[in-house]
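What follows is a set of notes on a single structure, which appears directly below.
What's counted below: heavy atoms across the whole structure, side chains too, no hydrogens, waters or symmetry copies. Remember, predicted model here, so these are calculated numbers, not experimental data.
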Amino acid sequence: MSMFNVFRKEITWGGRKLVLETGKVARQASGAVMATYGDTTVLCTVVGVKSQRPGIDFFPLTVNYQEKAFAAGKIPGGFFKREGRPSEKETLVSRLIDRPIRPLFADGFRNEVQVVCTVLSHDLENDPDIVALVGTSAALTLSGLPFMGPVGAARVGYVNGEYVLNPLVPDIKGSDLDLVVAGTVEGVLMVESEARQLSEEIMLGAVTFGHKSFQPVIQAIIELAELCAKDPWDLPEAPAEVAVVRAKFDAAGFPAEMAEAYKIVKKQDRYTAVGDIKKKALATLTEAAELAVAPGLLKALESDVVRGNILKTGIRIDGRDTKTVRAIEVTAGLLPRAHGSALFTRGETQAMVVATLGTGQDEQIIDQLAGEYREHFMLHYNFPPYSVGEAGRMGSPGRREIGHGKLAWRALRPCLPAKDAFPYTIRVVSEITESNGSSSMASVCGASLAMMDAGVPLPKPVAGIAMGLIKEGNDFAVLSDILGDEDHLGDMDFKVAGTVDGVTALQMDIKITSITEEIMKIALDQAKAGRIHILGEMNKGLDHARDSVSGNAPRITTMSIPKEKIREVIGTGGKVIREICEQTGAKIDIDDDGTIKVASVDSDAAQRAIDWIRGIVAEPELGVVYTGKVVKVVDFGAFVNFLGSRDGLVHISELSRERVAKVADLLKQGDSVKVKVLGFDDRGKVKLSMKQVDQATGEDISAQLEAEKAAGRKERHHED
């Protein structure tokens with residue numbers, strides 16, 4: 001008899017088998033599910049702490065997604081040979097899981113919860129991210145935690161005008177869309193996508209298709225929970241002090257003061273006024289229990305003011321209506337030595353974005369479970385504390401910075417020129433110098449301008465806009481170009497990026513249980529109008545890419561050589577190519593098909609490298625005169641190096657028109673000479689002549705020699 005009490009649910013989903021199993025592994029966790037799709041397996045565990053930390057006023061949820069190298073039959077690289085800090089993908093998937101599950105925990109629940117998803121097997125066909133999200137939803141549903149799920153998730157592709165459910169990893173490259181959608185039975189909670197300029201209608205259709213497609217997964221989780229879910233935790237009750245503190249705040253007139261503070265348009269002045277009200281409110285309290293609930297009540301008070309004003313009047317904090325985009329100012333070519341730069345300012349949000357062009361040697365090598373590959377486009381986003389008027393810790397990029405940078409990267413990548421047409425490595429850095437709402441979309445706009453300023457031939461500029469939502473019952477308002485407060489106190493953060501022709505990236509996070517298709521359609525249509533307006537403002541600063549790359553950027557010349565000549569250009573242990581680079585200062589990349597890219601800021605240096613390579617791969621032609629260097633002197637002649645790596649012999653009889661008794665009397669090693677190709681011996685060795693070339697002019701004098709020889713024969717004949 002087995003010591004395990006295993007429960008298992010199996011369905012066919014998207015043409016493959018999905019298995020959810022619990023009871024065998026990680027039995028001490030609050031909830032644990034082994035989720036398998038195809039041959040990709042992820043262990044998803046949930047642990048909830050039974051008690052709440054005193055004084056905590058936020059929900060401490062942590063999601064850790066981790067990939068183990070053994071899952072793909074690999075050994076980690078590096079000295080320690082073990083997994084280290086989270087990769088970019090691990091960080092992004094952790095955020096992907098966090099976003100749809102966080103709003104489904106019961107209001108007021110403040111106990112610490114940790115989710116750990118461990119990839120145990122990867123078949124290199126089914127991406128573990130969807131498997132991990134589904135497994136997490138199942139583990140939370142079984143755990144008994146106050147989680148109002150379950151959640152389902154799916155990946156949606158778009159190939160030949162048809163939506164594809166959960167396309168395989170190798171097939172996603174041929175899709176015009178890579179969209180992940182998550183939600184409940186009622187509606188959508190999260191969307192993450194990259195698209196090739198698709199219409200709003202196609203994007204909305206993909207979200208709807210995905211929502212319908214993951215309903216069988218939700219049903220499977222419910223059926224599994226009916227078999228083995230743990231007893232539910234008691235829902236948290238509001239402390240009795242909440243009503244007491246609320247009454248004190250109302251009596252002191254703080255709601256009215258908060259309403260006045262939120263009429264201040266300038267962010268820093270408004271924050272100062274709101275901060276003063278909070279300090280005054282807290283000063284009226286003395287009991288520790290009252291002080292513990294006060295921050296949450298003050299936040300609720302702010303929310304009521306902001307949300308109520310918008311729904312009642314349609315007027316927002318800064319005086320705008322729901323559709324108006326803040327004032328925009330664009331400066332291109334901001335930094336004199338950068339390859340491309342732009343300053344994009346929208347209201348109180350500002351991004352200084354810089355584009356740098358490099359060579360193939362600057363590509364980023366990315367090692368993932370699915371294999372190693374090279375990335376020639378990078379976008380890095382930085383959010384220093386001064387951007388919001390704060391003094392804070394600065395260190396390596398956090399999850400938020402990585403996530404925002406990746407969103408901007410997704411928005412721009414579909415519009416980049418093909419690598420064979422523009423063989424540069426592109427790095428874009430967005431420094432957020434001011435922030436009050438949607439700095440990631442400001443980064444998209446600034447990055448588009450900076451790349452065009454650098455001469456990157458984008459076919460169309462790309463812009464982004466962040467949409468918000470205020471919803472109370474059946475009343476709702478969709479907001480264009482949201483402020484930081486509207487994001488913080490609102491119900492939706494809906495970011496849309498694209499060109500005049502269509503959407504390139506869409507990211508949506510819902511803080512309420514779900515939103516309807518009607519609201520999504522209104523948001524997409526309103527976002528399109530906002531995006532077109534922003535693109536028009538961007539065009540005032542720079543409406544097309546510069547005609548050529550910046551003078552500070554390297555010029556890349558592409559040439560092709562026969563594959564069998566690659567070894568000669570590289571040389572033994574890279575000796576030849578290293579010498580070319582050191583002597584000319586150019587950078588050289590060689591592909592396996594014989595394509596060579598020569599890069600240098602100095603055009604003369606690049607040309608010297610090109611001539612050197614051409615000399616190496618060129619075949620000597622009979623009767624042609626070349627410049628060479630004496631590499632060895634022997635009794636019977638001299639060996640001369642020409643055409644880069646080609647050597648030939650000048651026999652002593654071909655050194656000079658005069659008789660040469662000793663080769664060393666005429667030549668020494670290192671001398672530069674003109675030589676003519678006389679022919680080739682049976683072994684392919686080249687026979688050269690110096691005497692048939694005028695060393696001063698380099699002209700072929702063989703005709704003159706023949707004439708002199710003929711004249712000598714006639715003279716001898718006459719004497720006879």
Side-chain angles (χ1 to χ4, degrees), residues 172-178 194-198 332-333 338-342 353-366 373-379 408-429 444 447-463 497-505 535 538-539 542-563 566 586-603 605-607 609-610 613-614:
I172 200 67
K173 293 180 180 178
S175 173
D176 291 331
L177 174 68
D178 182 5
E194 178 182 338
R196 295 178 183 170
Q197 299 185 70
L198 298 179
H339 298 169
S341 60
V353 190
V354 183
T356 306
L357 304 180
T359 68
Q361 297 174 28
D362 299 310
E363 290 180 338
Q364 184 178 17
I365 300 173
I366 298 176
Y373 67 95
R374 302 176 74 93
E375 180 57 63
H376 78 289
F377 174 51
M378 296 160 277
L379 193 150
W409 179 88
R410 287 193 179 105
L412 292 157
R413 190 173 71 145
C415 292
L416 291 178
K419 190 178 177 182
D420 55 356
F422 190 74
Y424 286 89
T425 295
I426 305 168
R427 181 186 184 228
V428 176
V429 178
V444 172
S448 178
L449 292 163
M451 286 195 289
M452 291 194 298
D453 183 51
V456 180
L458 296 182
K460 302 179 188 71
V462 184
T499 68
V500 292
D501 292 335
V503 175
T504 57
L535 286 168
M538 289 167 57
N539 287 340
L542 183 63
D543 61 358
H544 66 279
R546 308 290 188 196
D547 294 334
S548 61
V549 297
S550 164
N552 297 324
R555 298 297 196 276
I556 296 181
T557 303
T558 302
M559 58 188 296
S560 185
I561 65 171
K563 290 183 181 179
I566 295 176
K587 290 184 177 181
I588 301 171
D589 295 323
I590 303 180
D591 296 335
D592 293 339
D593 63 355
T595 300
I596 296 181
K597 299 182 184 73
V598 179
S600 177
V601 176
D602 183 351
S603 58
Q607 191 58 51
I610 291 167
I613 293 170
R614 284 174 176 164

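- Within the model, atoms CD1 of Ile613 and CE of Met559 stand 5.5 Å from one another, a figure rounded to the nearest 0.5 Å.
- Scanning all heavy atoms of the two residues, the minimum distance from Asp592 to Ile566 falls at O-CD1, 3.6 Å.
- In this structure, Asn552 CG and Ser550 OG are separated by 4.0 Å, a value rounded to the nearest 0.5 Å.
- Note: Met452 CE to Leu449 CG = 5.0 Å, rounded to the nearest 0.5 Å.
- Atom CZ of Arg413 sits about 9.0 Å away from atom NE2 of His376, to the nearest 0.5 Å.
- Contact of the Val428 side chain with the Phe377 side chain is registered, since non-hydrogen atoms from C-beta on lie closer than 4.5 Å.
- Under the 4.5 Å side-chain criterion, counting only non-hydrogen atoms from C-beta, Thr425 is not in contact with Thr359.
- Counting all heavy atoms, side chain and backbone alike, Ala411 lies closest to Ala505 at CA-CB, 3.6 Å.
- In this structure the side chain of Met451 reaches within 4.5 angstrom of the side chain of Leu458, judged on heavy atoms.
- Here the closest heavy-atom approach between residue Ala599 and residue Pro554 is recorded as CB-CB, 4.2 Å.
- Looking only at distances, a side-chain donor or acceptor of Asp453 sits under 3.5 Å from a matching main-chain atom of Ser341.
- Across Pro414 and Ala195, no two heavy atoms sit closer than the pair CG-O, 3.1 Å.
- Arg614 contributes atom CZ, which lies 12.0 Å from atom CD1 of Ile561 (distance to the nearest 0.5 angstrom).
- Remark: Lys460 engages Asp501 in a salt bridge, criterion side-chain N to carboxylate O under 4.0 Å.
- Looking at Lys597 and Asp591, their side chains come closer than 4.5 Å, going by heavy atoms from C-beta outward.
- To the nearest 0.5 Å, the span separating OG1 on Thr499 from CZ on Arg196 amounts to 14.0 Å.
- Side-chain N or O atoms of Arg374 include one that pairs as donor or acceptor with a backbone N or O of Gly360 at under 3.5 Å.
- Between Leu535 and Ala463, the shortest heavy-atom contact is CD2-CB, 3.5 Å.
- Annotation: side chain of Val549 is not in contact with side chain of His339 (no heavy-atom distance under 4.5 Å).
- You'll find the side chain of Met538 reaches within 4.5 Å of the side chain of Ser448, heavy atoms only.
- Of the listed residues (Leu357, Leu379, Thr356), just one forms a side chain to side chain contact (heavy atoms under 4.5 Å, CB included) with Ile426, and that residue is Leu357.
- Smallest separation of non-hydrogen atoms from Phe422 and Gly455: CE1-O, 3.8 Å.
- Side chains of Asp593 and Thr595: a donor-acceptor N/O pair is present below 3.5 angstrom, by distance only.
- Side-chain atoms of Thr504 come within 3.5 Å of backbone N or O of Ala497 as a donor-acceptor pair.
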